[in-house]
**Q** 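My questions will all concern the structure given below.
Hydrogens, waters and symmetry mates are skipped; everything else that's a heavy atom, side chains included, is used. Here, residue 1 is the first one in the sequence, and each next residue gets the next number.
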Amino acid sequence: MKENNVAPTPSAVAAATAAAGITTVASLLLSYYWHSIRRRNRITIPYPNHAADDTKCIYLDYNATTPIDPRVVQAMLPYLTTHFGNPSSSHYYGVEPKLAIQRARGLILEMLHPHCPEKTTSKEEQGGILFTGCGTEADNLAIHLAIQSRIKSKFPSTEKKHPYHVVTTNVEHPAVAQYLDALEQRGEVEVTRIPVHEEGYVTLEQVKQAIRKGETVLVTIMLANNESGALQPVKQVAEYCRKHGILFHTDAAQAVGKVSVALDETGIGDCVDMVTIVGHKFGAPKGIACLYVRPGCLHEGLTSSDYLLIGGGQEGGKRGGTENVPYIVGLGTAASILMTKTETNEIGWKENSKRMECMRMRLLQKLVDELGEDIVRPNGPKESSKRLPNTLSVGFRNVQSGELLERMKMSVACSAGSACHSSGGKLSGVLQAMKVPMEYARGTLRLSVGPHTSEKDVDIAANIIVEEVKKQLGLKE
C-alpha cells in the first residue's frame with residue numbers, strides 16, 4: 001500500500017482523537033507519530049531549555065517531573081496504534097500487548113537486579129512487579145499489604161488488642177504520611193514518626209528505638225527526600241528489619257536515575273521487601289508506576305480480595321483493571337535507558353548522576369559568589385554521599401520565596417517545595433522538620449537539575465535568581 005505523505009493538521013488530529021475518546025497525552029503522541037510519517041524521520045521531542053520555539057524559561061524542577069524521553073515515546077507509539085489490543089484477550093490482538101508487559105517487567109528487574117540476570121526472567125520475580133496508576137497507589141498498596149499480611153499470619157498481636165504498629169519518618173511523601181494518618185484516625189494503626197536530623201535524615205539507632213518487638217508490622221522510609229535531597233540509611237534499616245521479621249518498604253520515586261536502587265550490595269541491599277518506582281520522575285509518562293514486592297515476603301495466604309483494587313484479575317489477581325500497555329512499555333523503556341551504556345562506556349544513570357552533581361555545584365557556587373554566604377544557605381546533607389546529586393534546597397535570608405517564584409515564573413521553573421503537595425504560602429513541613437531557621441526557610445527554593453541541564457542553563461538561571469533576590473533585599477541599584 002502506498003504511504004500517504006500528507007500529515008493531518010494539529011487541529012484535525014485533535015478533533016479525530018477527541019471523537020475517538022483518546023486522552024490528551026495520547027493525542028499529542030499520535031500527532032508526533034503522523035508528522036514523523038510525513039518527515040520519514042525519527043521523532044524528536046525537544047527537552048526543556050532546548051526548545052525549537054521561543055521558550056526561554058529555564059527548567060530547574062526535575063524533582064517535580066521530567067520530560068518524556070524521545071526513545072520512550074518511540075517505544076510507546078506502536079501500542080497506541082498497531083498493538084492496541086487488550087492483553088487479557090486470547091486472540092491475535094492480545095498477544096503482543098501481553099508480551100510487551102512481560103518485557104517491561106524484565107527491564108525494571110534489570111534495574112533492580114543488575115548483577116543477577118537470572119532474576120530478570122524469574123517467574124517469581126516478574127510476579128513481584130505490580131504496575132499501578134501512580135506512586136501514591138503503590139505507596140498505599142505497600143502499607144495495605146503489610147497489614148493484610150500480618151492479619152493472615154495469625155500472629156498473636158492480631159487479636160486486635162491494639163492497632164498494628166508502623167514506623168516511618170516525619171518527612172515522608174503525603175502518599176505515605178497521609179495514608180498512615182487516615183489509618184491512624186480510624187484506629188487501625190499506631191504510627192511512630194521518627195524526627196529527622198537537621199540535615200534531613202534519620203539514623204539506624206533512631207529506627208531501632210522506635211520499633212516495638214512483636215508489634216511493629218512495617219517500617220516505611222523513603223530512599224531520597226524530594227525537597228532536601230537527603231538520602232536515608234535504607235540499606236542498614238532494611239537489614240535490621242529482616243533480622244527481626246519486620247517488613248520494610250521504601251519509596252524510591254526520587255532516587256531512580258540519580259542513585260543506585262539495585263537490590264544488592266552495590267545499592268540498597270537485598271533486605272528491602274517493597275520498593276515504589278514512579279515513571280514520570282525518570283523519563284516515562286505521568287500515570288504509570290509500580291510496586292516491587294520481594295517474592296515470599298508476604299504471607300502466602302493473601303488472595304485477590306486482600307489487595308486494594310479488586311476486579312478482573314489482572315496483574316496475577318493483585319491489581320484489577322485493564323493494564324495501561326503503552327505507559328507500561330514507557331516505564332520499562334525508561335528503566336532500560338538508565339541501565340544502557342553510553343558512548344563513554346558508562347551506565348546511563350551513573351553518567352547522568354555525575355553530570356547533575358556538577359551542575360548542582362555550579363549553581364550553588366554562583367549563588368554564593370554573587371550573594372554571599374550570609375544570604376545563601378543550602379539545606380540538607382553537606383556530604384554529597386548523603387544526598388541526591390541533582391537537588392539543591394537553598395534558602396535566601398529575609399527573602400519571600402512566594403514573591404520570588406511569582407517574579408521568575410516565566411524565566412526560571414522551580415519551586416518552593418514539593419510540587420506534589422504545595423500549598424499557598426504554607427511553610428514546607430520538611431523544612432520545619434529540619435529546623436531550618438525561619439529567616440532562611442521562608443526564602444527557600446528547591447532547584448533540581450536534570451541530565452540535560454547545561455552550564456548555560458545554570459548560569460542564566462543563577463543570574464535571574466540573584467537579580468530577583470537583590471531586588472527583594474533592596475541591594476540592586
**Q** Salt bridge or not for Asp264 and Lys235, using N-O below 4.0 Å?
**A** no
**Q** Taking C-beta and beyond as the side chain, do Arg442 and Met438 meet within less than 4.5 Å on heavy atoms?
**A** yes
**Q** If you measure from CG on Leu309 to CD on Gln314, what distance do you get to the nearest 0.5 Å?
**A** 10.0 Å
**Q** Using the salt bridge (charged side-chain N to carboxylate O under 4.0 Å, His left out) rule, collect all pairs that involve residues 388-407, keeping only residues at least two apart or in two chains.
**A** Asp374-Arg397, Glu406-Lys409, Arg407-Glu468
**Q** Checking the side chain of Thr391 only, and the main-chain atoms of Arg387 only, is there a donor and an acceptor separated by less than 3.5 Å?
**A** no
**Q** Taking all non-hydrogen atoms of both residues, which atom of Ala284 and which atom of Gly330 are closest, and how far apart?
**A** CB-O, 3.8 Å
**Q** When you measure from the side chain of Ser122 to the backbone N and O of Lys119, does any donor-acceptor pair fall under 3.5 Å?
**A** no
**Q** Keeping the roles fixed (side chain from Lys386, backbone from Lys382), state whether a donor-acceptor pair exists under 3.5 Å.
**A** no
**Q** Keeping the roles fixed (side chain from Thr216, backbone from Arg212), state whether a donor-acceptor pair exists under 3.5 Å.
**A** yes
**Q** Under the side-chain contact (heavy atoms from CB on, under 4.5 Å) rule, what do Ser88 and Glu323 come out as? Steps first, then yes or no, please.
**A** CA-CA 9 Å; Ser88 296; Glu323 295 94 340; 4.3 Å; yes
**Q** Please check this pair: side chain of Thr168 against backbone of Thr220, looking for a donor-acceptor N/O pair closer than 3.5 Å.
**A** yes
**Q** His173 and Asn226: which non-hydrogen atoms are nearest, and at how many Å?
**A** CD2-ND2, 4.3 Å
**Q** For the residue pair Leu298 and Val293, what are the closest heavy atoms and their distance?
**A** CD1-CG1, 3.7 Å
**Q** Which heavy atom of Leu223 sits nearest a heavy atom of Ala255, and at what distance?
**A** CD2-CB, 3.4 Å
**Q** Ring centres of Tyr93 and Phe84 under 6.0 Å apart?
**A** yes
**Q** Roughly how far apart are Lys354 NZ and Trp349 CH2, rounded to 0.5 Å?
**A** 9.5 Å
**Q** Once rounded to the nearest 0.5 Å, what's the spacing between atom CG of Leu427 and atom OG1 of Thr444?
**A** 8.0 Å
**Q** Would you check if Tyr59 and Thr65 make a side-chain contact, meaning some heavy-atom pair closer than 4.5 Å?
**A** yes
**Q** Measure the spacing between CG of Asn390 and OG of Ser448 and express it to the nearest 0.5 Å.
**A** 5.5 Å
**Q** So, using side chain to side chain donor-acceptor pair (under 3.5 Å) as the criterion, who are the partners of Glu96 when residues are at least two apart?
**A** Tyr79, Arg103
**Q** For Tyr201, give me all partners under ring-ring contact (aromatic ring centres under 6.0 Å, His included), at least two apart in sequence or on another chain.
**A** His197
**Q** Could you go through the side-chain contact (heavy atoms from CB on, under 4.5 Å) check for Ile277 and Met111 one step at a time?
**A** CA-CA 11 Å; Ile277 295 170; Met111 180 173 68; 4.0 Å; yes
**Q** Using modelled atom types and a 3.5 Å cut-off, is there a donor and acceptor pairing between side-chain atoms of Asp457 and backbone atoms of Thr453?
**A** no
**Q** Using a distance-only test with no angle check, is there a side-chain donor-acceptor pair under 3.5 angstrom linking Thr120 and His113?
**A** no
**Q** Check whether any side-chain N or O of Arg355 sits under 3.5 Å from a backbone N or O of Pro451 as a donor-acceptor pair, and report yes or no.
**A** yes
**Q** Does any non-hydrogen side-chain atom of Leu405 lie less than 4.5 Å from one of Cys414?
**A** yes
**Q** Quick one: OG on Ser89 to NZ on Lys98, what's the gap to the nearest 0.5 Å?
**A** 10.5 Å
**Q** Scan side-chain atoms only and decide if Ser428 and Glu227 contain a donor-acceptor pair under the 3.5 Å cut-off.
**A** yes
**Q** Val237 vs Ile221, test: side-chain contact (heavy atoms from CB on, under 4.5 Å). Steps then yes/no.
**A** CA-CA 9 Å; Val237 173; Ile221 298 177; 4.3 Å; yes
**Q** Is a donor on one side and an acceptor on the other found under 3.5 Å between the side chain of Thr333 and the backbone of Ala75?
**A** no
**Q** Apply the test side-chain contact (heavy atoms from CB on, under 4.5 Å) to residues Gln254 and Asn63: give CA-CA distance (whole Å), side-chain angles for both, the deciding distance (0.1 Å), then the verdict.
**A** CA-CA 7 Å; Gln254 284 295 343; Asn63 281 12; 3.3 Å; yes
**Q** Tell me, please, which residues at least two apart from Gln148 pass side chain to side chain donor-acceptor pair (under 3.5 Å).
**A** none
**Q** For a 4.5 angstrom cut-off between non-hydrogen side-chain atoms, does Leu60 reach Arg360?
**A** no
**Q** Is there side-chain contact between Leu291 and Val275, with at least one heavy-atom pair below 4.5 Å?
**A** no
**Q** Determine, stepwise, if the pair Glu357 / Lys258 fulfils salt bridge (charged side-chain N to carboxylate O under 4.0 Å, His left out).
**A** CA-CA 10 Å; Glu357 174 70 21; Lys258 301 163 189 170; over 6 Å; no
**Q** Do His249 and Val219 make a side-chain contact, defined as non-hydrogen atoms from C-beta onward lying under 4.5 Å apart?
**A** no
**Q** Return the CG to OG distance between Leu331 and Ser336, rounded to the nearest 0.5 Å.
**A** 11.5 Å
**Q** Is there a donor-acceptor pair under 3.5 Å between the side chain of Arg446 and the backbone N or O of Ser415?
**A** no
**Q** What pair of heavy atoms forms the shortest contact from Gln232 to Gly200, and how long is it?
**A** NE2-O, 3.0 Å
**Q** Does some side-chain heavy atom of Val325 sit less than 4.5 Å from a side-chain heavy atom of Pro87?
**A** yes
**Q** Would the distance check show the side chain of Thr250 and the main-chain N or O of Ala252 forming a donor-acceptor pair, the cut-off being under 3.5 Å?
**A** no
**Q** Looking at Glu172 and Met222, what are the two nearest heavy atoms and their distance?
**A** OE1-N, 3.0 Å
**Q** According to salt bridge (charged side-chain N to carboxylate O under 4.0 Å, His left out), does anything in residues 121-142 pair up with another residue at least two apart or in another chain? List the pairs.
**A** Glu137-Arg319
**Q** Name all pairs fulfilling the salt bridge (charged side-chain N to carboxylate O under 4.0 Å, His left out) condition that reach into residues 282-308, sequence neighbours left out, sorted by first residue then second.
**A** Lys152-Asp306, Asp273-Arg294
**Q** Does the side chain of Asn170 come within less than 4.5 Å of Val196's, by heavy atoms?
**A** yes
**Q** If you measure only the distance, is there a donor-acceptor pair under 3.5 Å linking the side chains of Ser393 and Asn379?
**A** yes
